[in-house]
Amino acid sequence: MSSVSSQSQFRLTQPPSKVLHLRNLPWECTEEELVELGKPFGNVVNTKCNVGPNRNQAFIEFADLNQAIAMISYYASSSEPAQVRGKTVYLQYSNRQEIVNNKTTADAGGNVLLISIEGADARLVSIDVLHLVFSAFGFVHKITTFEKMDRFQALVQFSDVETASSAKNALDGRNIPSYLLPEHLGPCTLRIAYSAHTDLSVKFQSHRSRDYTNPNLPVSQSAIDANGMLNCVFVGYFDGLDSVGTTGRDGCGVYDSRWFILGRDGGYLGWAEVFSMGLDGKKLEPESNVLLASIENMQYAVTLDVLHMVFSSFGPVQKIAMFDKNSGLQALIQYPDVQTAVVAKEALEGHCIYDGGFCKLHLSYSRHNDLSIKVNNDRSRDYTIPNNVMVNPQPSILGQQPVATHGPPSHLYTGAQFAPTTEHSMIPQPSSGWATGFPPAPNSMPGQMNNNPYLPPGTMPPQMGHGMMQMPSHGGPPHTHAMPPYRPYQMQ
DNA sequence: AGCACA
């Protein structure tokens, strides 16, 4: 009726209540901080924070009315105002007698979180980034995203309530780290609540929903990028800081193709790696014009010139950088285009530079697109710059003799050995090299064709001919793909 | 800086 509405909304003196109303709180304020604030005055039995349109209000409920009175009285006469995170907090008795809902049922959280992403660019946050962020706290089973009330929201399902609550506690009110977002995006803030759901229903892997527990789920077209790949995230936890460097933006981010994830206190939470997944569930790396080669079983020294020769069979090698990694040798090989790198990778992967299984190549796509070669030496070279321009402290030795580290040199692959020795009669000669548009058959690593026990002739590597290769939008296997046009290329 | 579920 009207007798109630005639009361002023803000009375100067509230009747006492064991519930206190707090305002002007920082929006990051947690329940724990509220408990800390009230504890000196009595037993805090319940709290509620992030209340109101600005989420800067809260309630504290004491076990006893006198405790609430004690707190109000204290701060009424104190020279030091109540503070949370250095912010002055204003206190008054609530006009309710108890805090309803919420924590009375003792952290009635669920294993599913409801996430609202706030910010002008919230809609541009990909499901993969969300997965990455939340995976820092445990295995994410499923994610669905949707728009509601003009807000971009997501449901994130964890295994259990504990994991979900740790994610909520750490991330609620936080911005998604900028280094996980495309550079042009503005801040995207996470607002997190518990959902009533316990198990999300995900019918398809799509750009809106993912089920990370079911690799057999149908993939909707919307989840597939131009290369016919499904972005995915792999995450590890707490694997130690010693292996983590700081090379990314913001002083944190990418190391060795992994993201590492920092918690709210700046502490290390874990690492994550974003990659693309083929429809068969296999991990695919995004293609690149730069290949990362690691060399296994390196009985013979692999020199820059050897690498240059091997990789030049598929196209002009622009740059090579060699370095030691995990007590092994790795090299980055840069081609002018992705196609050439794809062809080279598929042809060379798993093959050996020397007979007998020595110096086996393992190739992956690098994240780099353009290597910066500071100096031409025996470990790195920029073949696009004439020799006399760059300082060349060690003259290149073009006699292609492998340096044996153990035993006599084996057969080194040289351009001359590129001549067909098997049924693959179309393999180009070194003079025409890659330019003929036909790479060596995948099983016929140059120089490896004779009696190589590792490479039965005419055998397709197992990864060939499977689902991902058949996908129409994929670049396609090299023999069906248009090759780069012929451009004369001078070997040094 | 001024009272919260749905």
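Every chain is numbered from 1, with letters handed out A, B, ... down the list of sequences. Hydrogens, waters and symmetry mates are skipped; everything else that's a heavy atom, side chains included, is used.
For Asn56(A), the listed nucleotide lying nearest its side chain is dA1(B); candidates were dA1(B), dA4(B), dC3(B).
With rounding to whole Å, Gln57(A) atom CD is found 8 Å from dA4(B) atom P. One atom, CD of Glu98(A), and another, P of dC5(B), lie 16 Å apart when rounded to the nearest Å. The nearest whole Å value for the distance from the OH atom in Tyr93(A) to the P atom in dA1(B) is 23 Å. Rounded to an integer number of Å, the gap from Asn50(A) CG to dA4(B) P is 15 Å. Between the CG atom of Asn46(A) and the P atom of dC5(B) there is a distance of 14 Å, given to the nearest Å.
The stretch residues 16-26 of chain A touches DNA chain B through His21(A), Arg23(A), Asn24(A), each having a heavy atom within less than 4.0 Å of the strand.
For Arg191(A), the side chain to side chain donor-acceptor pair (under 3.5 Å) partners at least two apart in sequence or on another chain are Glu118(A). Partners of Ser73(A) under the side chain to side chain donor-acceptor pair (under 3.5 Å) rule, at least two apart in sequence or in another chain, do not exist in this structure. Applying the ring pair (Phe, Tyr, Trp, His ring centres under 6.0 Å) criterion to Phe59(A), with sequence neighbours excluded, gives His21(A). For the side chain to side chain donor-acceptor pair (under 3.5 Å) test, residues two or more places apart in sequence or in another chain that qualify with Asp64(A) are Asn66(A). Residues satisfying the side chain to side chain donor-acceptor pair (under 3.5 Å) criterion with Glu32(A), sequence neighbours excluded, are Thr30(A).
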Apply salt bridge (charged side-chain N to carboxylate O under 4.0 Å, His left out) to residues Asp382(A) and Lys374(A) and explain how you reach the verdict. CA-CA 9 Å; Asp382(A) 184 343; Lys374(A) 306 262 191 311; over 6 Å; no

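Both thresholds, 5.5 Å between centres and 30° between ring planes, are met by Phe59(A) relative to the base of dA4(B), so the two rings are stacked.
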